[in-house]
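Everything on this sheet refers to the single structure shown next.
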Amino acid sequence: MNVRDGADSIYRFIERTAEHVPEGCRWQTINYQNKPHYHYNAFNGCGGIGVFLAEYGRVTGSDQAVELAREANRWCSTVEEGRYDPHHGACKRGLLTGRTGVALSWVYLARITQESVSTHATENADIILQEDPGPVTDLMGGAASNGLYLLRLWEATEEPRFLEGARRNGTWLCDQLVRDEDGCHCLCGPRESFGDRPFFGVAHGISGVAHFLLLLHAATGEIGWADVVREILATLEGCAIEDRGGLNWSQVLGEAEIGRCQWSHGAPGIGIVFLKAAQVLGEPRYREIAVKAGETTYAYGDFRSNITQCIGLSGSGELFLELYRDSQGDLWLQRAQEFADLAMEYRAALPEGDAWPTDEPGLYSADFIYGASGLGYYFLRVMEPTALSMPFM
């Protein structure tokens with residue numbers, strides 16, 4: 001099975017399990033407690049499925065896949081809030097944990113169809129602009145994620161208010177930073193929810209904050225954002241731990257034990273941030289750190305027995321693809337292909353058709369961050385490594 005076969009299998013799984021309802025098209029996905037639910041989040045829900053479907057339609061020429069992406073986005077944007085998951089009923093903001101993920105999916109769909117950006121995307125931005133940033137800082141659902149979305153929407157529309165909104169989120173994030181003997185850092189959010197120590201990882205931690213501020217600097221040319229990024233990266237560099245021939249990071253500041261090596265926490269995601277910093281800021285040392293993160297990521301392999309973007313093979317392989325895009329070094333593309341080959345072994349041939357697992361054996365999900373569509377997008381990236389970038393970074 002090659003990567004195109006893998007992408008085709010995932011598309012068939014998503015197409016087969018789609019539920020067509022008056023609001024659009026939805027999927028029963030698996031939440032973080034391994035229970036089935038319907039939700040519009042990109043994490044554990046339907047909010048990112050449209051990203052894979054739209055790109056799959058572009059790559060294969062399938063108008064049906066593009067239309068399915070539109071219907072997926074429509075359901076996520078219009079379904080009554082809290083109807084299927086009362087724990088997230090009021091959450092509109094947040095790239096992976098709110099409606100902002102599907103808003104970004106609309107932006108991707110517009111690029112592929114060459115249509116104007118959907119009003120759903122601009123309405124979501126208006127909510128972000130009207131509300132105060134915070135109280136969460138992270139790239140998963142906090143101010144960094146909302147700011148990143150506003151940047152992407154500004155790039156698509158060139159409307160100045162979206163860039164100004166991204167600046168406002170950046171300013172708020174800078175106000176949350178603490179500078180002490182441990183370096184430059186901030187908490188993910190309120191202590192009662194996230195604890196009293198900063199995270200390092202790209203999903204919840206300071207590397208994700210640095211990533212957004214780095215993109216803000218690249219968009220505006222304003223040097224102040226770059227100065228803050230260098231401070232955060234100095235903290236990350238000082239806390240890096242030698243691990244399996246490269247570099248890795250613990251989950252939180254002040255912890256010496258390494259427990260993970262995945263996109264959300266550890267070398268794969270943090271390595272992507274250092275590589276982007278090397279490209280934007282022109283500092284070779286950052287690239288060296290990214291390469292060392294890549295070596296550790298490769299050495300860990302399929303350590304979680306998992307295919308997902310969040311904690312598994314596809315998320316880890318994203319670092320290899322970014323290193324390949326940066327250097328055109330065949331080694332990194334070979335490693336990305338190797339992780340894709342490992343992931344393809346997880347395809348389940350059920351009587352009703354192919355299925356692709358989430359974290360829990362025997363459970364299958366179409367969602368982007370913790371399910372099949374994120375892996376499908378990774379397969380497409382391996383097919384076209386210089387054409388596609390990570391949608392949620």
Next on the checklist: Go through it in stages, so that I can follow the logic: the residues are Leu215 and Arg152, the test is side-chain contact (heavy atoms from CB on, under 4.5 Å), and I'd like the CA-CA distance, side-chain angles, deciding distance and then a yes or no.
Outcome noted: CA-CA 10 Å; Leu215 297 180; Arg152 295 288 182 244; 3.9 Å; yes
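- Under the 4.5 Å side-chain criterion, counting only non-hydrogen atoms from C-beta, Glu15 is in contact with Gln64.
- No side-chain donor-acceptor contact under 3.5 Å links Gln28 and Glu19.
- Taking all atoms of both residues into account, the shortest heavy-atom contact from Leu153 to Ala121 is CD2-O, 3.8 Å.
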For residues 383-393, dump all side-chain donor-acceptor pairs below 3.5 Å to protein atoms at least two apart in sequence or in another chain.
| residue | atom | partner | partner atom | Å |
| --- | --- | --- | --- | --- |
| Glu384 | OE1 | Arg58 | NH2 | 2.8 |

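- Atom CG of Asp63 sits in a sparse spot, with 12 or fewer heavy atoms from other residues, nucleotides or ligands closer than 6.0 Å.
- At a cut-off of 3.5 Å, with distance as the only test, no side-chain donor of Asn41 or Thr97 sits close to an acceptor on the other residue.
- In this structure, the side chains of Leu333 and Leu321 come closer than 4.5 Å at one or more pairs of heavy atoms.
- Side-chain N/O atoms of Ser105 and Asn73 include a donor and acceptor closer than 3.5 Å.
- Remark: the backbone N or O of Ala366 is paired with a side-chain donor or acceptor of Ser373 at under 3.5 angstrom.
- A continuous path of Ile, Leu, Val, Met, Phe, Trp and Tyr side chains, each step under 4.5 Å between heavy atoms, connects Val291 with Phe339, placing both in one hydrophobic cluster.
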Next on the checklist: Evaluate Asp354 against Tyr364 for side-chain hydrogen bond (donor to acceptor under 3.5 Å, both in side chains), listing each step before the verdict.
Outcome noted: CA-CA 10 Å; Asp354 287 356; Tyr364 307 98; over 6 Å; no
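- Two different hydrophobic clusters hold Val136 and Leu177 under the rule that ILVMFWY side chains link at heavy-atom gaps under 4.5 Å.
- Atom CE of Met140 sits about 13.0 Å away from atom OG1 of Thr137, to the nearest 0.5 Å.
- By the neighbour-count criterion of 12 heavy atoms within 6.0 Å, atom CD of Glu242 is sparsely surrounded, having that number or fewer from other residues, nucleotides or ligands.
- Nearest heavy atoms, Gly271 versus Ala293: CA-CB, 3.8 Å.
- Phe368 has its ring centre no less than 6.0 Å from the ring centre of Phe52.
- With contacts defined as side-chain heavy-atom distances shorter than 4.5 Å, the pair Arg381/Arg325 qualifies.
- No single ILVMFWY cluster, assembled from side-chain heavy atoms under 4.5 Å apart, contains both Phe303 and Tyr378.
- Of the residues listed (Phe379, Tyr56, Trp356, Tyr377), the one engaging Tyr11 in a ring-ring contact (aromatic ring centres under 6.0 Å, His included) is Tyr56, and it is the only one.
- Put simply, the residue from Asp243, Thr297, Thr296 that forms a side-chain hydrogen bond (donor to acceptor under 3.5 Å, both in side chains) with Asn248 is Asp243.
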Item to check | Verdict with reasoning, Asn306 to Leu313, per side-chain contact (heavy atoms from CB on, under 4.5 Å) | outcome: CA-CA 6 Å; Asn306 188 284; Leu313 286 162; over 6 Å; no
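- The hydrophobic clustering, which links ILVMFWY residues whose side-chain heavy atoms are closer than 4.5 Å, places Val107 and Leu109 apart.
- Side-chain N or O atoms of Trp172 include none that pairs as donor or acceptor with a backbone N or O of Gly134 at under 3.5 Å.
- Proximity of the aromatic rings of Tyr149 and Phe162 is defined here by a centroid distance below 6.0 angstrom, and this criterion is not met.
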Item to check | Worked check of salt bridge (Lys or Arg N to Asp or Glu O under 4.0 Å) between Glu67 and Arg70 | outcome: CA-CA 5 Å; Glu67 186 58 30; Arg70 191 186 309 278; 3.4 Å; yes
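- Between atom SG of residue Cys184 and atom CD of residue Glu231 there is a gap of 4.5 Å, rounded to the nearest 0.5 Å.
- Proximity of Arg168 to Thr171: side-chain heavy atoms (C-beta onward) are nowhere separated by under 4.5 Å.
- For the atom pair Glu23 CD and Trp75 CH2, the distance stands at 8.0 Å (nearest 0.5 Å).
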Item to check | Intermediate values then yes/no, salt bridge (Lys or Arg N to Asp or Glu O under 4.0 Å), Glu123 and Arg99 | outcome: CA-CA 10 Å; Glu123 287 170 357; Arg99 291 222 198 251; over 6 Å; no
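- Between Cys186 and the options Ile232, Val178, Leu173, Val209, a side chain to side chain contact (heavy atoms under 4.5 Å, CB included) holds for only Val209.
- If you take CG on Leu214 and CG on Leu281, they are separated by 5.5 Å, rounding to the nearest 0.5 Å.
- Taken to the nearest 0.5 Å, the CD1 atom of Ile206 stands 14.0 Å off from the CD atom of Gln176.
- Inter-residue side-chain proximity for Glu55 and Ile112 is flagged as met; some heavy-atom pair is nearer than 4.5 Å.
- With 3.5 Å as the limit, one finds a donor-acceptor pair spanning the side chains of Trp106 and Ser77.
- In the model, Gln337 has a side-chain atom that pairs as donor or acceptor with a side-chain atom of Asp341 under 3.5 Å.
- The hydrophobic clustering, which links ILVMFWY residues whose side-chain heavy atoms are closer than 4.5 Å, places Leu95 and Val273 together.
- Ionic pairing of Glu164 and Arg167 is present here: one or more N-O contacts between side-chain nitrogen and carboxylate oxygen are shorter than 4.0 angstrom.
- Taking a cutoff of 4.0 Å between a charged side-chain nitrogen and a carboxylate oxygen, Arg12 and Asp8 do not qualify as a salt bridge.
- Here the side chains of Thr308 and Ile311 are in contact, with some heavy-atom distance below 4.5 Å.
- Using modelled atom types and a 3.5 Å distance limit, the side chains of Tyr298 and Glu338 yield a donor-acceptor pair.
- Residues Trp154 and Glu159 share a closest heavy-atom pair of CD1-O, 3.3 Å.
- Residues Glu345 and Asp302 have side chains not in contact (no heavy-atom distance under 4.5 Å, counting atoms from C-beta outward).
- Atom-to-atom distance recorded for Asn44:CG and Tyr32:OH is 8.0 Å, nearest 0.5 angstrom.
- For Glu192, the CD atom sits in a packed shell: over 12 heavy atoms of surrounding residues, nucleotides or ligands are nearer than 6.0 Å.
- Around CZ of Arg179, the count of heavy atoms belonging to other residues, nucleotides or ligands within 6.0 Å exceeds 12.
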Next on the checklist: Set out, in order, the CA-CA distance, both residues' side-chain angles and the distance that settles side-chain contact (heavy atoms from CB on, under 4.5 Å) for Asp367 and Trp27, then state yes or no.
Outcome noted: CA-CA 8 Å; Asp367 77 87; Trp27 287 261; over 6 Å; no
Next on the checklist: Please determine whether salt bridge (Lys or Arg N to Asp or Glu O under 4.0 Å) holds for the pair Arg244 and Glu295, giving the CA-CA distance in whole Å, both sets of side-chain angles, and the decisive distance to 0.1 Å.
Outcome noted: CA-CA 8 Å; Arg244 304 193 189 189; Glu295 294 294 347; over 6 Å; no
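- Arg230 has its side chain within reach of Tyr286: a pair of non-hydrogen atoms, C-beta onward, lies under 4.5 Å apart.
- Scanning both residues, Leu68 and Ala18, for their nearest heavy atoms gives CD1-CB, 4.4 Å.
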I'd like a table of donor-acceptor pairs (distance under 3.5 Å, sequence neighbours excluded) in which one partner is a side-chain atom from residues 194-204, with atom names and distances.
| residue | atom | partner | partner atom | Å |
| --- | --- | --- | --- | --- |
| His204 | ND1 | Asp138 | OD2 | 2.7 |

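- Remark: Glu352 CD is packed, more than 12 non-hydrogen atoms of other residues, nucleotides or ligands lying under 6.0 Å away.
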